[in-house]
Amino acid sequence: MSHYHPLTEAEAIEIARSVPNVFEDGKELQCREIGDGNLNLVFHVSQPQTGASLILKQALPYAKVVGESWPLTLDRSRIESEALIIQAKLAPGLVPVVYRYDPELALTVMEDLSDHVIMRKGLIEGGVYPKFAEDISEFLARTLFFTSDLGMNQQEKKQLVKSFVNPELCKITEDLIFDDPYTNSPNNSFDEHLRPDAEALWNDTALHLEVARLREKFLTHAQALLHGDLHTGSIFITPESTKVIDPEFAYYGPMGFDIGAVIANLLLNYAGQEHWSADEAARGARRTYLLDTVRDVWTGFESKFRKLWLESGVDRMARTPGYMDDYMKRLLQDTFGFAGCKMVRRVVGLAHVADIDKIPDDRVRQKAQRLALAIGASLIRRNRSAGSIQDLIDIADSAVKAAKD
Ligand code: SR1
Ligand code: MG
């Protein structure tokens with residue numbers, strides 16, 4: 001019989017103590033539950049006398065953000081630990097080290113990254129991360145390429161597709177990102193001043209057609225093993241280091257979904273600068289930094305992915321002249337579309353982001369929300385005609401200019 005139960009802090013200490021070569025015997029351990037995400041318990045166990053520490057992450061059998069009325073599989077804990085192990089092999093140093101996975105307790109014991117900050121918080125506080133674009137483009141290029149039919153044995157890939165079928169977590173995305181924001185769903189949540197904007201989204205059938213196409217890709221296009229929830233709350237950062245965490249939404253899907261997630265969250269912070277920058281000059285400079293980062297993420301990803309293709313490609317037909325250029329163009333277009341969907345859902349859907357929600361002044365928050373919606377909707381509308389990352393920068397720039405007029 002399963003001995004699953006949500007751990008107490010005392011039990012977390014006991015488990016942490018049993019991990020070899022971390023803590024010194026006979027010295028006190030302390031524990032705090034620090035989970036501030038939507039789904040899990042996270043225990044930080046430390047030994048003040050030695051400075052050693054660990055993280056224990058335990059899946060709850062329901063979505064914490066909603067409560068016990070929304071049951072959720074514990075298998076996501078297996079998916080997360082297996083994804084972290086694959087990502088560590090493909091992108092060394094860019095994910096936390098996993099020390100132990102306990103399937104019965106749905107528990108992953110991993111490296112403590114408390115010397116880093118959650119990137120969303122860091123960006124809100126004005127942090128500058130010169131290594132981020134290089135690191136995240138490396139993570140994206142290597143994890144996506146080497147789990148795709150371009151970079152791995154295609155029979156072994158099918159086995160991986162099978163073990164990463166993640167129906168419940170995918171359904172969250174299918175509903176919250178690709179359905180609810182476009183209808184009057186009880187899952188939606190938005191400030192009342194945004195009702196006209198939400199209703200416009202519910203009635204925009206041309207937009208729905210684009211979202212339906214992107215939703216179809218998310219449902220059917222098993223292109224690579226995705227992280228599946230790569231927002232800035234899933235990234236720990238310092239100016240020198242980047243660590244991607246929380247791949248419990250991992251599954252085989254379209255690559256542009258991960259790339260779009262990173263870009264969408266940089267752009268949500270860009271919209272939030274209505275409040276987080278002290279004045280117009282600082283706002284302009286900060287937005288330039290964020291757009292430069294967006295550009296560097298895409299161009300870094302593209303050049304690394306193309307290099308991997310040329311040096312490590314396994315598919316003879318993929319060397320057909322013209323195919324790589326066509327593939328990269330489609331990836332860029334998917335990135336636009338998925339980034340747009342991810343922006344819209346964070347304003348009118350169920351789970352929002354602090355970059356915008358924590359803006360205290362109603363009028364300023366409303367401006368940031370409308371800016372995020374305008375950029376998001378444009379990216380969705382224009383996804384299939386996107387030709388370069390400059391098109392995306394232009395969309396973000398013009399939305400800011402239009403908001404000033
Ligand atoms: C019910 S879970 C809500 C959101 O939190 C996660 O981080 C995912 O983004 C999900 O959509
Ligand atoms: Mg998460």
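One-based numbering, in listed order, for ligands and for the atoms of each. Just so we're clear, the structure is a prediction, and the values are computed from it rather than from any experiment.
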Donor-acceptor pair between [X] and [Y] side chains, under 3.5 angstrom:
X      : Y      : result
Asn188 : Asp180 : no
Asp246 : Ser234 : no
Thr108 : Lys57  : no

Quick one: look up the protein heavy atom nearest [atom] and list residue, atom name and how far away it is.
atom                    : answer
atom 9 (O) of ligand 1  : Asp229 OD1, 2.7 Å
atom 10 (C) of ligand 1 : Arg345 NH2, 3.6 Å
atom 3 (C) of ligand 1  : Asn38 ND2, 3.6 Å
atom 2 (S) of ligand 1  : Leu39 CD2, 3.8 Å

inquiry  = Using the rule given for ring-ring contact (aromatic ring centres under 6.0 Å, His included), can you reason through Tyr251 versus Phe218, listing the C-alpha separation, both sets of side-chain angles and the distance that settles it, and then say yes or no?
reply    = CA-CA 10 Å; Tyr251 88 114; Phe218 185 86; 4.8 Å; yes

ask   = side chain to side chain contact (heavy atoms under 4.5 Å, CB included) with Pro61: which residues, sequence neighbours excluded?
value =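 Here the qualifying residues are Tyr4, Leu74.
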
task = Output yes when the distance from some N or O of ligand 1 to some N or O of Trp70 is under 3.5 Å, and no in every other case.
result =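 Between Trp70 and ligand 1, no N or O pair is found under 3.5 Å apart.
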
note = For residues 200-209, the side-chain hydrogen bond (donor to acceptor under 3.5 Å, both in side chains) pairs (sequence neighbours left out) are Asp204-Arg381

query = Which of the atoms in ligand 1, numbered in the order shown and given with their element, are less than 4.0 Å from a heavy-atom of His231?
reply =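 Contacts of ligand 1 toward His231, numbered from 1: 7 (O).
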
Side chain, backbone, both or neither: the part of Arg346 lying under 4.0 Å from ligand 1 by heavy atom = side chain

query = Looking only at heavy atoms, is any part of Ile172 under 4.0 Å from ligand 1, and if so is it the side chain, the backbone, or both, or is it neither?
reply =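 Answer for Ile172: side chain.
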
query = Among the heavy atoms of Val65, does any lie under 4.0 Å from an atom of ligand 1?
reply =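 Contact check Val65 vs ligand 1: positive.
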
message = Can you confirm whether Leu225 sits close enough to Thr143 that some side-chain heavy atom of one is under 4.5 Å from a side-chain heavy atom of the other?
response =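 Sidechains of Thr143 and Leu225: no contact.
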
